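Since the model is a prediction, treat every value here as computed from it, not as a measurement. Indexing begins at 1, ligand by ligand and atom by atom, following the structure's order. Just the heavy atoms: all of them, side chains too, but no hydrogens, waters or symmetry mates, feed the values below.
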Amino acid sequence: MVVAHPRQGSLTHRAAAAFARAAVAGGHEVETADLMAEGFDPVLRVADAPDWADPTKPWAADVLAEMVRIERNAATVLVFPVWWWSMPAVLKGWIDRVWANGWAYGGRNHPHARVWALAVVGASAAATAEGGFDRVLEGQIVDGIFRFCGVAEPRLALLCDAAADAEGVVAEAARLGAAF
Ligand SMILES: Cc1cc2nc3c(=O)[nH]c(=O)nc-3n(C[C@H](O)[C@H](O)[C@H](O)COP(=O)(O)O)c2cc1C
């Protein structure tokens, strides 16, 4: 599970914990990567930029460590707040750097068949659909990233109404963890 939120007491962290508890109760083991707490550097610099002519270009040590962490697990669950109809920069940068050419795409697929995204949304489900950003998130995350990387069982779950119904968000996260 990859969590992207700067505040430990945030609804995003509460939702992640609820998902994990329910998944563990269902027999899973959960390893958590807390990107902000761990200080992951999300900026893709020259060292990580794909060299399209050289698929053997080595990855940076911190990127390699993330790849190892993913490979020792069987599935990925991203938990994050929706910021500007998108994901926080730290998570976007984690994907930019770690889901690299030659590892997640470019002659290879992401190592996991199942990758889920749990997005905590401030707006209600009705406002999200009316604004159209449910489709934007689905296109960006499921089609643009997960399917592009060959993920066979992609899923985006919108945990809406964070502003008005925090307990509902936590309950929905627990339900998803139980169903995982
Ligand atoms: C920078 C920023 C951008 C945001 N953009 C959106 C948005 O586009 N749509 C939305 O519904 N809520 C948006 N929100 C509200 C967050 O989704 C909401 O604060 C979060 O889901 C609440 O949970 P938290 O306690 O984990 O932050 C934004 C919040 C921040 C801080």
Side-chain angles (χ1 to χ4, degrees), residues 1-26 28-45 62 66 69-70 73 75-99 112 114-149 151 153-180:
M1 179 157 62
V2 181
V3 186
H5 197 291
R7 194 163 29 83
Q8 288 301 321
S10 62
L11 185 53
T12 298
H13 275 281
R14 287 185 59 207
F19 182 96
R21 265 195 308 277
V24 167
H28 294 286
E29 285 177 39
V30 177
E31 178 176 7
T32 301
D34 183 339
L35 298 182
M36 291 299 295
E38 294 174 12
F40 183 78
D41 174 5
V43 181
L44 190 158
R45 298 185 173 82
D62 61 339
E66 295 301 304
R69 181 146 71 163
I70 293 166
N73 285 278
T76 298
V77 181
L78 311 175
V79 189
F80 57 93
V82 167
W83 285 357
W84 300 121
W85 292 26
S86 186
M87 60 178 72
V90 71
L91 179 58
K92 174 61 165 47
W94 180 83
I95 294 171
D96 290 344
R97 296 188 65 213
V98 179
W99 295 24
H112 293 166
R114 185 183 300 183
V115 181
W116 284 13
L118 270 58
V120 181
V121 188
S124 67
T128 302
E130 198 179 325
F133 65 95
D134 52 349
R135 291 190 304 279
V136 168
L137 289 164
E138 186 81 19
Q140 245 182 59
I141 295 171
V142 175
D143 297 329
I145 304 174
F146 294 177
R147 289 195 200 282
F148 183 80
C149 293
V151 172
E153 298 173 42
R155 177 165 180 182
L156 169 66
L158 301 182
L159 310 182
C160 293
D161 232 357
D165 183 16
E167 297 315 314
V169 166
V170 174
E172 177 63 4
R175 198 189 63 72
L176 289 162
F180 189 66

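- By the neighbour-count criterion of 12 heavy atoms within 6.0 Å, atom CZ of R69 is densely surrounded, having more than that number from other residues, nucleotides or ligands.
- No donor-acceptor distance shorter than 3.5 angstrom exists from the side chain of H13 to the backbone of A4, with no hydrogens or angles considered.
- Both the sub-6.0 Å distance and the 45° axial angle are satisfied by R114 relative to the ring of F180.
- Nearest protein heavy-atom neighbour of atom 23 (O) of ligand 1: L11 CB, 3.7 Å.
- Shortest contact from atom 24 (P) of ligand 1 to any protein heavy atom: H5 NE2, 3.4 Å.
- Between V120 and ligand 1, an N or O atom pair is found at a separation short of 3.5 Å.
- Residue contacts with ligand 1, taken as heavy atom pairs separated by less than 4.0 Å, involve R7 solely via side-chain atoms from C-beta onward.
- To the nearest 0.5 Å, the span separating CG on D62 from CH2 on W94 amounts to 12.5 Å.
- Distance from atom 10 (C) of ligand 1 to its nearest protein heavy atom, with residue and atom name: G122 N, 3.8 Å.
- Looking from atom 8 (O) of ligand 1 to the surrounding protein, the closest heavy atom is W85 N, 2.9 Å.
- In terms of protein heavy atoms, atom 31 (C) of ligand 1 is closest to W83 NE1, 3.6 Å.
- Between A162 and ligand 1, not a single N/O pair is under 3.5 Å apart.
- Between H5 and F80, the distance from one ring center to the other does not fall under 6.0 angstrom.
- Ranking the protein heavy atoms by distance from atom 6 (C) of ligand 1 puts V82 O, 3.3 Å first.
- Closest to atom 5 (N) of ligand 1, if we only count protein heavy atoms, is W84 N, 2.8 Å.
- With respect to R175 and E172, a salt bridge is recorded, a charged nitrogen being found less than 4.0 Å from a carboxylate O.
- F133 CZ, 3.6 Å is the protein heavy atom nearest to atom 9 (N) of ligand 1.
- If you look at A123 next to ligand 1, the close heavy atoms, those under 4.0 Å, come from the backbone and the side chain alike.
- For the atom pair CD1 of I145 and NZ of K92, the computed distance is 6.5 Å after rounding to the nearest 0.5 Å.
- Between E29 and N73, the side chains place no donor N or O within less than 3.5 Å of an acceptor N or O (distance only, hydrogens not considered).
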